Amino acid sequence: MTKIQRPTGMQDVLPDDGRYWSWVTKEATALAEQYGFARIDVPIIEYTDLFARGMGTASDVFVQKEMYTIEEPDGKHITLRPEFTAGLVRAYIQNGMGSWAQPVKLFSIGPIFRRERPQAGRYRQHSQFDCEIMGETDPAADVEVMMAAMNLYRKLGYKGLNFQINSTGCPVCKPVYMDALKSYLAGREDELAPIDIERLQKNPLRILDSKEKGMDALLADAPHIIDHLCEDCRDHFVDLRTLLDTLEQPYTINFRLVRGIDYYTKTVFEVWAEGIGAQAAVCGGGRYDGLAEAIGGRSVPGVGFGSGIERIILGIKEQGIEPPAPPSLSVLVAHFGGESKQTAVALTYTLRAAGIDTRLAFARKRRSMKSQMREANKHNVEYVLIIGDSEVENNTVTLRPMNGGQQEVVAVDELVERLRG
RNA sequence: GCGGGUAUAGUGUAGUGGUCAACACGUCUGGUUGUGACCCAGAAGAUCGUGGGUUCAAGUCCCACUACUCGCCCCA
């Protein structure tokens with residue numbers, strides 16, 4: 001019989017990595033709350049239509065090949081969420097958040113699922129930290145989500161960070177730009193790689209972020225979308241830059257940063273960090289003023305970002321950043337079985353009730369002190385409390401510091417105070 | 001969907017076609033009665049991913065499959 005393994009693209013996060021996870025999610029949560037984002041948790045599963053709508057012609061491919069979709073017995077199709085934004089916008093609409101004080105600022109942390117071949121830092125199940133501001137068109141809101149992302153990475157100790165920004169226009173100006181780009185490329189088809197000729201047909205914007213050789217030269221004189229923006233989009237972009245300048249943030253206008261899907265509007269951004277393999281981006285985000293309508297609500301502007309936890313951790317490791325030391329237990333309670341075990345078990349819960357991190361040495365029979373000491377050492381406890389016959393008799397415990405200090409006998413009544421001291 | 005690489009104890013590795021498949025770390029026990037880290041001794045733990053093939057002989061060579069991994073496609 002073949003051994004059962006975890007499904008392709010799924011990860012077990014073992015305790016060694018768990019300390020990175022607790023740290024990153026704790027910092028992310030604290031930062032989001034400090035910025036005034038409120039925590040929301042929406043289902044991992046949504047009706048497939050939520051993710052399919054608004055994705056334009058590409059939606060069929062997405063739903064069939066890139067998402068985990070299940071047909072229920074009653075014929076309804078449900079899908080494991082491939083991102084946060086759609087679910088949060090759905091929750092906004094469904095829960096009448098349009099009548100809350102605007103804007104509504106939400107954050108969430110949890111798993112998302114994409115059915116693609118795993119690559120470094122890209123798994124079929126991975127977790128994201130996601131912040132969204134809905135009901136606000138002010139570019140200062142764009143800056144706020146950008147700063148939330150940036151300052152999280154700074155807090156975690158990342159070096160070499162900067163913003164990559166661009167605008168993806170809006171339904172008014174994006175098509176105009178697409179035409180300009182297509183006619184520029186049309187004259188150069190012989191210079192395009194086969195894959196990019198295909199893109200020219202299907203999704204011309206994607207040529208901009210093509211990794212084929214010679215693209216820099218080929219695109220040197222290509223039209224930039226920021227030169228083709230309508231007045232509204234241009235104003236928005238100028239304001240955004242002004243605010244980033246005011247805050248003295250490092251940013252690069254990257255005309256090759258694109259979003260192919262229609263409901264994305266105006267701001268597109270990524271945060272790049274040095275030394276994270278081929279892909280420098282630790283997060284991606286932008287404005288999606290067309291999404292709410294696309295999924296059947298009334299028009300609500302929104303801006304946000306998502307950042308993969310696994311990717312953040314990968315970057316932390318590559319940059320040689322150490323998480324805070326894993327929490328160590330204060331004490332281990334050791335005993336010799338029999339009556340001393342009863343005393344030890346009782347004491348363990350007394351200490352825990354007093355807020356002291358306590359580990360109990362398990363032993364079905366009498367267990368050697370050597371073995372219990374070794375256990376204490378492995379788990380990095382500060383003290384071992386030894387309980388034997390004489391301690392039971394005298395209502396005391398032997399308190400042994402593991403840092404090499406002198407051990408002493410302490411009355412049980414004074415123990416908690418002594419440990420806290 | 002398409003390529004490249006890899007597959008040996010829990011982990012990481014070694015292993016010219018031929019004795020009981022080795023080492024490190026980890027785990028467990030012990031080094032006199034109730035004291036860790038370092039050190040020493042001992043133990044457990046692998047039908048060498050699965051299935052075929054070549055051969056007198058396969059962990060080692062060949063094929064297929066599967067898994068993992070790196071990349072491509074795609075990228076919300």
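In what follows, chains carry the letters A, B, and so on, assigned in the order in which the sequence lines appear, proteins first and then strands, with residues in each chain numbered from 1. Every value quoted in this text rests on a predicted model; they were computed, and no experiment measured them.
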Between [N] and [M], how many Å separate the two [atom1] atoms, rounded to a whole number?
N	M	atom1	value
G15(B)	G26(B)	P	23 Å
C73(B)	U16(B)	P	39 Å
C40(B)	C61(B)	C1'	44 Å
C63(B)	G5(B)	P	11 Å
G59(B)	C20(B)	P	12 Å
A24(B)	C38(B)	P	16 Å
U54(B)	C62(B)	C1'	7 Å
A58(B)	A43(B)	C1'	31 Å

Please determine, for the side chain of [X], which listed nucleotide ([options]) has the closest atom?
X	options	answer
M373(A)	U35(B), G31(B), A76(B)	U35(B)
Y264(A)	C75(B), G36(B), A76(B)	A76(B)
A120(A)	C70(B), G36(B), A76(B)	C70(B)
Q119(A)	U35(B), G71(B), A76(B)	G71(B)
Q11(A)	G36(B), U69(B), U29(B)	U69(B)

May I ask you to check whether [X] and [Y] show a side-chain donor-acceptor distance below 3.5 Å?
X	Y	value
S330(A)	D357(A)	no
E391(A)	S340(A)	no
Q102(A)	W100(A)	no
Y47(A)	R90(A)	no
T267(A)	D142(A)	yes
E132(A)	Y288(A)	yes
D289(A)	Y263(A)	no

What is the separation between atom [atom1] on [X] and atom [atom2] on [N], rounded to the nearest whole Å?
X	N	atom1	atom2	answer
R122(A)	U69(B)	CZ	C1'	15 Å
H379(A)	G26(B)	NE2	P	14 Å
Y288(A)	A76(B)	OH	C1'	12 Å
Y123(A)	C68(B)	OH	P	12 Å
M369(A)	U35(B)	CE	C1'	7 Å
Q128(A)	C75(B)	CD	C1'	12 Å
I207(A)	C75(B)	CD1	P	12 Å
R124(A)	G1(B)	CZ	C1'	12 Å

Side-chain-base donor-acceptor pair under 3.5 Å for [X] and [N]:
X	N	result
K370(A)	G30(B)	no
R117(A)	G1(B)	no
R367(A)	G30(B)	no
Q407(A)	U35(B)	yes
R206(A)	C75(B)	no

Measuring to OP1 and OP2 of [N], would you say a side-chain N or O of [X] lies under 4.0 angstrom away?
X	N	value
R114(A)	A76(B)	no
R6(A)	A67(B)	no
R199(A)	C73(B)	yes
N380(A)	G36(B)	no
S368(A)	U35(B)	no

Problem - Residue whose nearest RNA chain B nucleotide is more 5′ - S371(A) or V381(A) - result: S371(A)
Problem - K378(A) or P401(A), whichever maps to the more 5' nucleotide of RNA chain B - result: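 The residue closer to the strand's 5' end, by nearest nucleotide, is K378(A).
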Handout entry: Dot-bracket notation for RNA chain B, counting Watson-Crick and G-U pairs under 3.5 Å, with | for partners on another strand
Key = (((((((..((((....[...)))).(((((.......))))).....(((((..]....))))))))))))....
Exercise for the section: Look at atom CD of Q406(A) and say whether more than 12 heavy atoms of other residues, nucleotides or ligands are closer to it than 6.0 Å. Expected result: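 It does not: Q406(A) CD has 12 such atoms or fewer within range.
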Exercise for the section: Quick one: sort the H224(A) and F255(A) rings into parallel, tilted or perpendicular, breaks at 30° and 60°. Expected result: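 Parallel, since the angle between the ring planes stays under 30°.
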Sugar-phosphate, base or nothing in reach of [X], heavy atoms under 4.0 Å:
X	result
S390(A)	base
N203(A)	sugar-phosphate
I195(A)	sugar-phosphate
E198(A)	nothing

Exercise for the section: Please find out if less than 6.0 Å separates the ring center of Y158(A) from that of Y153(A). Expected result: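 So the answer is yes for these two rings.
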